[in-house]
Amino acid sequence: MAVLVTGGAGYIGSHTVVALHESGRRVVVVDDFSNSSPAAVDALQRLVGGSLVFAPVDVTDPDAVDRLFVDHDIDAVIHFAAFKAVAESTEQPLRYYRNNLDATVTVTEAMVAHGVRRMVFSSSATVYGEPERVPVDETFPTGATNPYGWTKFVGEQILRDASAAHGLDVVLLRYFNPVGAHPSGEIGEDPAGIPNNLVPYVMQVAVGRLDHLRVFGGDYDTHDGTAIRDYIHVVDLAEGHVAALDALDAGLTGCEVVNLGTGVGSTVLEVVEAAGRAVGHAIPYEIVDRRPGDVERIWADVRRAESVLGWRATRGLDEMLADHWRWQRTHPQGYATPAPVA
Ligand code: UFG
């Protein structure tokens, strides 16, 4: 039996593929490379001894998805494949709704048609918006402030309804802020264009692709005036997916929602300082206006992850930045970096 991983060449997907392999599972990876690189699949094959089955499939294509279930003995799905840029989603909402919701419906329909019951879904803490208090637990009110966020909110609802109607067993994972890379330095985050997210931006400053970081907002009501997030090592996050599959294998039924975070909040400046320690020199920055739509503070209540999945994050901020830096230092242009001459 195998686990189908949609979007398995992406940042979180690729790290999860490695963790699944380490857990002894067979993995079928699909990706259409719309926001990822074939070089990620090559790197994955090196990390897992060539054991992956890979199919270049767009999961909004019902016939292609159906064929995956016919051709492979799939007993669970981890569904990552989605567009994920917040600002782009406000400029191209229909493209985001079409792609992200179509993918979720298409994959779920194929599961129902082929009698596959287990699904782990890639959701986001973005569904909490600006929380009334921290830490946020899974019972907090949800919504969205941009089309990307709505695709996660509606994606969760699609799976809740499909679980109730068709007996699927689903874990909805709400990610906080993933950073870091596999300690091998072989796979990592490779955003297209100028990064939107903090750590990829900082790392491109560190390798000289960008001049300096702009810190969005220095007047928040926090101890250093910058906004607080719950940064989680991508390998911890990947292991959270394996824990979710383990829980489903052990008999978890229905539709569960679980936060994946560390339970610890860090300010932007604390991340910048940790990056400086990892890189070996201070990261130049200036404090500018707040970014519209940003929340002041959010971090996860991790108790449900511990009780339902028996999982908790173990890696701290310094390890995240050190691992992210190893990847960026050896891949200054991401997967497009030429291989070193032997
Ligand atoms: N930040 C900067 N400068 C930058 C980039 C980010 O100061 O160049 C700050 C942001 O203002 C924020 C913090 O760093 O305070 C983290 O920002 P990210 O963009 O890295 O992360 P977000 O928390 O804004 O975004 C994350 C996910 C999204 C999700 C969003 C909504 O990456 O997928 O949470 O909560 F939609």
Side-chain angles (χ1 to χ4, degrees), residues 7 10-13 35 80-90 93 96 100 121-131 134-136 140 142-156 173-180 189 191-206 209-234 237 259-262 264-275 283-300 317 320-321 324:
Y11 175 44
I12 304 172
N35 190 26
F80 293 101
F83 297 154
K84 62 168 188 177
V86 172
E88 185 181 67
S89 80
T90 63
Y96 269 68
N100 292 4
F121 179 65
S122 171
S123 188
S124 169
T126 195
V127 298
Y128 294 120
E130 176 96 53
V134 278
V136 288
F140 274 41
T142 55
T145 55
N146 57 72
Y148 159 76
W150 284 117
T151 69
K152 292 301 177 186
F153 179 92
V154 176
E156 288 192 359
L173 295 177
R174 291 182 182 154
Y175 310 152
F176 283 71
N177 289 58
V179 301
E189 187 168 15
I194 295 178
N196 301 307
N197 297 117
L198 176 62
V199 170
Y201 199 104
V202 164
M203 290 293 156
Q204 294 203 7
V205 172
R209 283 174 72 176
L210 295 167
D211 183 60
H212 69 281
L213 173 71
R214 289 179 307 143
V215 173
F216 298 134
D219 58 350
Y220 286 107
D221 184 19
T222 63
H223 62 268
D224 64 15
T226 63
I228 298 181
R229 296 288 183 278
D230 184 339
Y231 297 91
I232 174 170
H233 197 300
V234 67
L237 195 67
N259 288 338
L260 292 186
T262 64
V264 177
S266 304
T267 66
V268 175
L269 290 182
E270 285 165 351
V271 172
V272 172
E273 280 159 23
I283 305 297
Y285 69 86
E286 67 168 326
I287 293 179
V288 300
D289 285 349
R290 295 181 181 193
R291 184 170 65 179
D294 272 355
V295 306
E296 178 170 273
R297 66 182 69 223
I298 184 165
W299 62 89
L317 199 56
M320 297 177 212
L321 274 301
H324 208 117

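The structure presented is a predicted model; accordingly, all values stated were derived computationally and were not measured. Remember, it's 1-based here, ligands and their atoms both numbered in the order they're listed.
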In the protein, what heavy atom is nearest to atom 4 (C) of ligand 1, and what distance, to one decimal place, separates them?
-> F216 CE1, 3.3 Å

For atom 34 (O) of ligand 1, is the nearest protein heavy atom closer than 4.0 Å?
-> no

Look only at interatomic distance and state if R229 has a nitrogen or oxygen under 3.5 Å from any nitrogen or oxygen of ligand 1.
-> yes

By salt bridge (Lys or Arg N to Asp or Glu O under 4.0 Å) - contacts of R290 (at least two apart) | D219

Report yes if L198 has an N/O atom closer than 3.5 Å to an N/O atom of ligand 1; otherwise report no.
-> yes

Any idea which protein heavy atom is nearest atom 32 (O) of ligand 1, and the distance to it?
-> N197 ND2, 3.0 Å

Is any N or O atom of R291, backbone or side chain, closer than 3.5 Å to an N or O atom of ligand 1?
-> yes

Of the protein's non-hydrogen atoms, which lies at the shortest distance from atom 5 (C) of ligand 1, and what is that distance?
-> N196 O, 3.4 Å

Relative to the ring of Y175, is the ring of F80 parallel (under 30°), tilted (30 to 60°) or perpendicular (over 60°)?
-> tilted

Is there a nitrogen or oxygen of V215 sitting under 3.5 Å from a nitrogen or oxygen of ligand 1?
-> no

Where on R214 is there a heavy atom closer than 4.0 Å to ligand 1, on the side chain, on the backbone, on both, or on neither?
-> backbone

Write out the residue and atom name of the closest protein heavy atom to atom 26 (C) of ligand 1, then the distance separating them to 0.1 Å.
-> N177 ND2, 3.8 Å

Quick one: list whatever passes salt bridge (Lys or Arg N to Asp or Glu O under 4.0 Å) with R214, sequence neighbours left out.
-> none

